[in-house]
Amino acid sequence: MRVWITGAGGQLGHDLLRVLGPKHECAPFTRRELDISDPDDIRKAAAIRKPDVIVNAAAYTKVDQAEQEPTEAYRINALGASHLAMAAEEWGTKLVHVSTDYVFDGLKGIPYTERDRTCPMNVYGKSKLAGEQLVQTICSRHFIVRTSWLYGKHGNNFVTKVLAMAGSGKELAVVNDQFGSPTYTYDLAECIGRMLGTDRYGLYHVANRGFCSRWAWARAILELAGKAEVPVRPVSSDSFILPAARPAYSALGDLALRRNGFPQMRDWKSGLEHFLRNDWLTEGERR
Ligand SMILES: NC(=O)c1ccc[n+]([C@@H]2O[C@H](COP(=O)([O-])OP(=O)(O)OC[C@H]3O[C@@H](n4cnc5c(N)ncnc54)[C@H](OP(=O)(O)O)[C@@H]3O)[C@@H](O)[C@H]2O)c1
């Protein structure tokens, strides 16, 4: 199949190309090559040959900055998604649109399923929810894939930050009152690869299984990277005043994956271990 990957310069975009590249005829577009908020860019890209599938990994992802520039967040996360949805609907193309756990307010206390009521707490989450709703309304062949706490080789993410800070030799302070499902972009890309060959359209939660606090995640990163001696102090979210509120608990349950016969994702610690061994640590650092 001919597969477009938008947001190919991002951390998920890189792993989508790594996973889908050997199996499909992929056209990866960075923001410079295809700005999803510009319908002309989308038309130009399709002038030669239209895709069978579009995987939209492009997004405005600066959660705190979005509070200051909501117009930009909505322009990309909502309008950009709607432009892709309109093109996909016109061409009879499938659209895999990636969304977020931040569509929830974090008050549920047990993993969120696809049936739970959304209630985003910040501009980023609201703009992503608007994108989901536009995709659902406009495009009949859609997969909406909500994911959470992403990390991968090509990103500035929590895992890479913890490892960088560990190198400084100082004690780390990490919040222990935010819970979620850390998800390896490679695993997410593999799941998307399984979906796009089917017509089992709809809304899916796709995250590595299980959940933990950010503090427990940091501890696991250090232990698996052979740096267990680095001290990590658990602190409350109140210690960091950030512009955007975050859900305290946004673990995702995989009801739709199971109901639709897709394999479950591996658990978050196995995904993390795989990432560190294969994508991060040098041969000498691997135990
Ligand atoms: N990161 C997380 O923890 C997390 C959690 C849950 C859900 N998600 C969702 O997962 C998806 C992938 O996230 P990610 O972590 O891979 O994000 P990322 O690394 O920030 O990548 C997003 C990419 O989209 C590009 N982009 C921004 N505006 C664009 C536009 N108008 N047109 C085309 N490309 C544009 C960015 O380019 P520039 O860098 O040049 O702006 C960047 O390369 C997003 O939908 C995000 O909302 C992420």
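Keep in mind that this is a model prediction, so the values were computed, not measured. Atoms within a ligand are numbered from 1 in the order they appear, just like the ligands themselves.
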With no hydrogens and no angle check, just 3.5 Å: does a side-chain donor-acceptor pair link [X] and [Y]?
X    : Y    : answer
Y184 : D279 : yes
N208 : S181 : no
N56  : H97  : yes

Indicate, as side chain, backbone, both or neither, the part of [X] found under 4.0 angstrom from ligand 1 when only non-hydrogen atoms are considered.
X    : value
T61  : side chain
L34  : backbone
F158 : neither
R32  : neither
S148 : backbone
A57  : backbone
W149 : backbone
D35  : both

Nearest protein heavy atom to [atom], by residue and atom, and its distance?
atom                    : answer
atom 43 (O) of ligand 1 : G10 N, 3.1 Å
atom 28 (N) of ligand 1 : R31 NH1, 3.2 Å
atom 48 (C) of ligand 1 : L150 CD1, 3.6 Å
atom 45 (O) of ligand 1 : K128 NZ, 2.7 Å
atom 26 (N) of ligand 1 : A59 O, 3.8 Å
atom 7 (C) of ligand 1  : S99 O, 3.3 Å
atom 8 (N) of ligand 1  : Y124 OH, 3.8 Å
atom 11 (C) of ligand 1 : V98 CG1, 3.6 Å

Q: Return the minimal non-hydrogen interatomic distance between P28 and E33, and the atom names on each side.
A: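 Here P28 and E33 meet closest at O-OE1, 3.5 Å.
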(Q) Taking ring pair (Phe, Tyr, Trp, His ring centres under 6.0 Å) as the criterion, tell me which of W217, F158, Y102, W268 meets it with W149. (A)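 Among the candidates, only W217 passes.
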Would you mind running through ligand 1 and noting each atom that sits below 4.0 Å from a heavy atom of [X]?
X    : answer
I36  : 30 (C), 31 (N), 32 (N), 33 (C)
L12  : 12 (C), 16 (O)
Q11  : 1 (N), 14 (P), 15 (O), 16 (O), 19 (O)
T147 : 6 (C), 7 (C)
G9   : 43 (O)
A58  : 24 (O), 33 (C), 34 (N), 35 (C)

**Q.** Cation-aromatic face contact K62/Y60, 6.0 Å, 45 degrees
**A.**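 Satisfied, under 6.0 Å and within 45°.
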(Q) Check this for me: does any side-chain nitrogen of one of E132 and R146 sit under 4.0 Å from a carboxylate oxygen of the other? (A)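 R146 and E132: salt-bridged.
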Q) Are E273 and R277 ion-paired here, with the side-chain N under 4.0 Å from a carboxylate O? A)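 No, no charged N to carboxylate O under 4.0 Å.
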Backbone N/O of [Y] and side chain of [X]: donor-acceptor pair under 3.5 Å:
X    : Y    : value
Y151 : L272 : yes
K126 : M121 : no
N176 : P234 : no

Q.
Which residue is it: I42, L95, V55? I am looking for the one with a side chain to side chain contact (heavy atoms under 4.5 Å, CB included) to W4.
A.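 The single option meeting the side chain to side chain contact (heavy atoms under 4.5 Å, CB included) with W4 is I42.
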Q | Heavy-atom protein contact below 4.0 Å for atom 3 (O) of ligand 1 | A |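 Yes.
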Q: Drop me the distance from S213's OG to Q178's CD, to the nearest 0.5 angstrom.
A: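 It comes to 9.5 Å.
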(Q) Would R49 and E25 count as a salt bridge (Lys or Arg N to Asp or Glu O under 4.0 Å) here? Give the steps. (A) CA-CA 12 Å; R49 205 174 134 204; E25 184 200 330; 3.0 Å; yes
